There are 2 protein chains.
Amino acid sequence: MAVSEAEAIIMEVLWRSSPRSAEDILAEVGPQQGWQEGTVKSLLNRLLKKKAVKAERDGRRYLYAPRLTREQYVSQESKGLLDRLFGGRVAPLVAHFSEQRKLSRKDIVELKKLLQELDDEQS
Amino acid sequence: MAVSEAEAIIMEVLWRSSPRSAEDILAEVGPQQGWQEGTVKSLLNRLLKKKAVKAERDGRRYLYAPRLTREQYVSQESKGLLDRLFGGRVAPLVAHFSEQRKLSRKDIVELKKLLQELDDEQS
DNA sequence: GGTCATCGTTTACGCATGTAAACATGAACA
DNA sequence: TGTTCATGTTTACATGCGTAAACGATGACC
């Protein structure tokens, strides 16, 4: 089962640093998202059920940590979009962003470097 | 309100060619998705309610056509992903696909050309 | 040992979604 | 004119999600 959007926000917190307590997670994400204790707890439980996080006992409470890696998550999500909207091809995706003027100067520099490196390692 | 995944499949049909009747849409998408008449009709109605498609009477029936353009849809979706997962930057996205070996030879050629063109038009 | 604070677990509830059946309506035909 | 066929409209129903309150267990403290 897929990690939902709200759940992903919890995951991001855990990816940044883990293991962490629920209280700790709430402190980081609550104010920013306007979420209350119960919300964070429910999300954590759903993530446990989905096996996206694991919990290890620490005295009276649990410390939570990702089981699903960010790489795995990002891969699923971006492959989904790529396949659904761009026929699985990367160049059209970039072309789209280019047309939308979403390519910064920095992006362009980095992309060039990336392509250069691909050439290098390939020769 | 956002166009859902199932709804997007109907949209794709309409983007390919429109206006079209419900029957016509069903013929194209039904067998492939295993959807029945009622399903397609419901999806069309939800899309109407969301103003993503419009319907024009054609005798006893309606002909449906997109109101939301594919460009608009693709933009929303891809900007969402870009922001959520890559800090809104394109280069990291491409780097990700590169690491996942999702860059085909053809992609690389096209990306180079794209970057070249950007240079050209800018100078 | 009874009470309180602290955690986690269970239950709730409205809304969206996927999937479709039931119903309504109007045209066509017997 | 009553029946049938084709369409669209309404209703349904299970599941997941966002958001949280209620409940339960357990350790700490008086």
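Below, chain A is the first sequence line, B the second, and so on; all start at residue 1. Computed from a predicted structure; not experimentally measured.
For residues 88-115 of chain A, the pairs satisfying ring-ring contact (aromatic ring centres under 6.0 Å, His included) are A:F86-A:H96, with sequence neighbours left out. Pairs passing the ring-ring contact (aromatic ring centres under 6.0 Å, His included) check and including a residue from residues 16-68 of chain A, sequence neighbours excluded, do not occur.
Look at CZ on B:R57: it is 8 Å from C1' on D:dG8, rounded to the nearest Å. Rounding to whole angstrom units, CZ of residue A:R60 and C1' of C:dT6 are separated by 5 Å. The distance between atom CE of B:M1 and atom P of C:dC15, rounded to the nearest whole Å, is 11 Å. Rounded to whole Å, the distance from OH on B:Y62 to P on C:dT25 is 14 Å. Distance CZ (B:R61) to P (C:dA28): 13 Å, rounded to an integer number of Å. Atom CD in B:Q32 sits roughly 17 Å away from atom C1' in C:dT19 (whole-Å rounding).
A heavy atom closer than 4.0 Å to some atom of DNA chain D occurs in B:E37, B:K41, B:N45, B:R46, these being the qualifying members of residues 33-55 of chain B. Near DNA chain C, meaning a heavy atom under 4.0 Å from it, residues 2-31 of chain A has A:A22 in order of number.
Among residues two or more places apart in sequence or in another chain, the salt bridge (Lys or Arg N to Asp or Glu O under 4.0 Å) test is passed with B:R20 by B:D24, B:E28.
Defining each end axis of the helix from C:dG1-D:dC30 to C:dA30-D:dT1 as the rotation carrying four pairs' C1' atoms onto the next four, with five pairs an end, the two axes are found to diverge by 40° to 10 degrees.
Considering all non-hydrogen atoms of both residues, A:L44 and A:A22 come closest at CD1-CB, 3.9 Å.
In this structure, A:R70 contributes its side chain and B:L85 its backbone to a donor-acceptor pair below 3.5 Å. Of the possible donor and acceptor atoms, none in the side chain of A:N45 sits under 3.5 Å from a partner among the backbone N and O of A:S42. Formation of a donor-acceptor pair under 3.5 Å by the A:S98 side chain with backbone atoms of A:V94 is not found in this model. Distance alone, capped at 3.5 Å, is enough to place a donor-acceptor pair between the B:D107 side chain and the A:V90 backbone.
Other residues, nucleotides and ligands place no more than 12 heavy atoms under 6.0 Å from the NZ atom of A:K79. No more than 12 heavy atoms of other residues, nucleotides or ligands lie within 6.0 Å of CZ in B:R101, so this atom counts as exposed by the packing criterion.
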